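Structure provided below as structure tokens; questions to follow.
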Amino acid sequence: MKLKRQYLGVITPTAPFNFDATFHKPAHFPSGDNFWQPGERWQTFRWQSKNLGAIFRSVGTTQKPKVTVEIFSQKKLTSDFVESFIKEIVYRYNLNFDLTDFYEEFTKDNILGPVIKRMRGMRPGHQDSLYEYLIIGIVLQNCTVGRSIQMMQTLFDHYGPLLEFNGKRLWCFWEPGILEKVSEEDLRSLKLGYRAKFIKRIDDQFKEGLINEEKLRSQDMQTQMKELLKLYGVGPATVWYLLFDVFHQYDFFNHISPWEEKIYSHVFPVTGDRLIKYFDRFGRYKQLAVHYVWEDLWWQHKKKPISWLAKEIRA
DNA sequence: CATCAGGGCCCTG
DNA sequence: CAGGGCCCTGAT
């Protein structure tokens with residue numbers, strides 16, 4: 001499906017702003033719906049039932065941030081549509097986030113201080129809707145990076161439209177509910193294993209309109225957690241990813257999966273169950289603080305491989 | 001070749 | 001609340 005450029009605009013994020021660390025998270029597994037190189041991010045979006053391509057480019061500095069956004073689609077877009085889409089972009093990537101308090105509180109912290117210096121201006125956030133992130137969360141479960149990548153690509157191959165814009169082809173998420181006519185057996189044949197049932201049921205619930213992302217966003221964290229845990233296939237490991245990346249909650253830390261613990265143990269002075277207690281020192285920013293440390297580690301690894309980290313990442 | 005743990009979750013007892 | 005089963009993959 002070929003898309004044409006329909007819009008070019010400018011977004012001015014709050015300062016300080018780190019374009020690359022915001023638009024590219026090396027800790028996330030790579031997927032065929034985006035492309036990144038320094039100063040530039042390409043991303044497909046399924047928004048209000050339209051297939052969109054977007055290219056974000058940094059045209060400012062850390063202190064005077066400016067991002068251009070090009071939007072591609074098949075047909076012309078109304079200004080209302082563009083406005084709502086941009087608003088959503090600003091939310092998802094946290095472009096209006098105010099980091100001042102966080103930096104003031106922790107810039108002198110032994111571990112966090114140097115990280116803040118290196119990652120200055122990075123926003124937490126993620127490009128996907130709740131539905132899309134649920135799919136990702138499920139293909140992450142109980143398997144290696146390689147397998148997650150493979151399952152995600154197989155799903156794109158079967159259900160995601162392939163979009164072409166500005167000379168690149170990228171896969172796009174499908175409309176929630178599209179799996180109605182797909183049987184669990186069909187999904188199983190894509191080597192999703194027991195996850196087929198989770199994906200099927202979640203897609204069903206979106207089709208039925210039982211999940212309202214907008215409404216959930218406006219509710220408090222405890223309510224969000226309770227509601228998300230009701231979803232079939234969402235447990236403690238998946239729910240915190242969702243709360244953090246989709247709902248932008250930073251004041252909680254209740255779960256560390258085994259592989260994460262191994263990595264934290266290399267960075268923080270305590271191990272095991274004591275880690276969660278240790279993170280209390282980061283107060284209402286505990287999840288954000290750990291995100292900073294985590295992403296910093298992966299960025300460093302990207303620049304100059306860290307051998308112990310390479311061992312912990314099961315390729 | 002066979003066996004088994006793994007970046008969870010659900011369900012049962 | 002502990003523990004078995006589940007899909008697949010790759011390590012041993």
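Bear in mind the structure is a predicted one, so any value in this text is a computation, not a measurement. Sequence lines set the chain letters: A, B, ... in the order given, protein chains first and strands last, and positions in each chain run from 1.
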Practice item. Under 4.0 Å between any heavy atoms, over every strand shown, what does R195(A) touch: base, sugar-phosphate, or nothing? Just pick one. Key: base
Practice item. Mind calculating the distance between CD (Q150(A)) and C1' (dC8(C)) to the nearest angstrom? Key: 9 Å
Study note, to complete from the structure: Separation of dC8(C) atom P from L155(A) atom CG, nearest Å, is 14 Å
Exercise for review: Take atom CG of L134(A) and atom C1' of dC9(B), then tell me their distance rounded to the nearest Å.
Suggested key: 14 Å
Practice item. Tell me which of Y241(A) and L229(A) sits closer to the 5' end of DNA chain B, going by the nucleotide each one is nearest to. Key: Y241(A)
Revision key, fill the gap. Checking N1-N3 plus N6-O4 or O6-N4 for Watson-Crick, or N1-O2 and O6-N3 for wobble, each under 3.5 Å, the partner of dT3(B) is dA11(C)
Study note, to complete from the structure: I136(A) CD1 to dG8(B) C1', in whole Å, measures 17 Å
Review point. In this structure, are over 12 heavy atoms from other groups packed under 6.0 Å from K302(A) atom NZ?
Key: yes
Revision key, fill the gap. Judged by nearest nucleotide, the residue sitting upstream toward the 5' end of DNA chain B, K197(A) or E260(A), is E260(A)
Review point. For dG8(B), does OP1 or OP2 lie under 4.0 Å from any side-chain N or O of S257(A)?
Key: yes
Point to revise | Integer angstrom distance from the P of dG4(C) to that of dC4(B) | key: 14 Å
Practice item. Using only side-chain N and O atoms of Y232(A), determine if any of them is under 4.0 Å from OP1 or OP2 of dC11(B). Key: yes
**Study point:** d(CZ, R188(A); P, dC6(C)) in whole Å
**Key:** 10 Å
Point to revise | Side-chain donor/acceptor contact of R147(A) with base of dC7(C) under 3.5 Å | key: yes
Exercise for review: Would you classify T238(A) as touching base, sugar-phosphate or nothing, given that sugar-phosphate means primed atoms plus P, OP1 and OP2, and contacts are heavy atoms under 4.0 Å?
Suggested key: sugar-phosphate
Check your understanding: If you measure from CH2 on W47(A) to OG on S84(A), what distance do you get to the nearest 0.5 Å?
Key -> 5.0 Å
Point to revise | Residue E164(A) excluded, over 12 heavy atoms near CD under 6.0 Å | key: yes
Review point. Quick one: does Y194(A) reach the base of dG8(B) with a side-chain donor-acceptor pair under 3.5 Å?
Key: yes
Point to revise | Whole angstrom value for the distance that separates C1' of dG8(B) from CD of E261(A) | key: 16 Å
Review point. Within a reach of under 6.0 Å around CZ of R217(A), are more than 12 heavy atoms found that belong to other residues, nucleotides or ligands?
Key: yes
Exercise for review: Counting heavy atoms from C-beta on, name the nucleotide in dC10(B), dG8(B), dT9(C) closest to the side chain of F198(A).
Suggested key: dC10(B)
Review point. Would you say I263(A) and W294(A) make side-chain contact, with heavy atoms under 4.5 Å?
Key: yes
Practice item. Please check if atom NZ in K66(A) has more than 12 non-hydrogen atoms from other residues, nucleotides or ligands closer than 6.0 Å. Key: no
**Study point:** Rounded P spacing from dC10(B) to dT9(C) in Å
**Key:** 23 Å
Practice item. For dG10(C) and dC9(B), measure between their P atoms and round to the nearest Å. Key: 23 Å
Revision key, fill the gap. Of the listed dC9(B), dG8(B), dC8(C), the closest approach to the K191(A) side chain comes from dC8(C)
Exercise for review: In whole angstrom, give the distance that lies between atom CZ of R201(A) and atom P of dC11(B).
Suggested key: 6 Å
Review point. Is I263(A) touching bases, backbone alone, or none of the nucleic acid, heavy atoms closer than 4.0 Å?
Key: nothing
Check your understanding: Rounded to whole angstrom units, what separation is found between the CG atom of N142(A) and the P atom of dG5(C)?
Key -> 15 Å
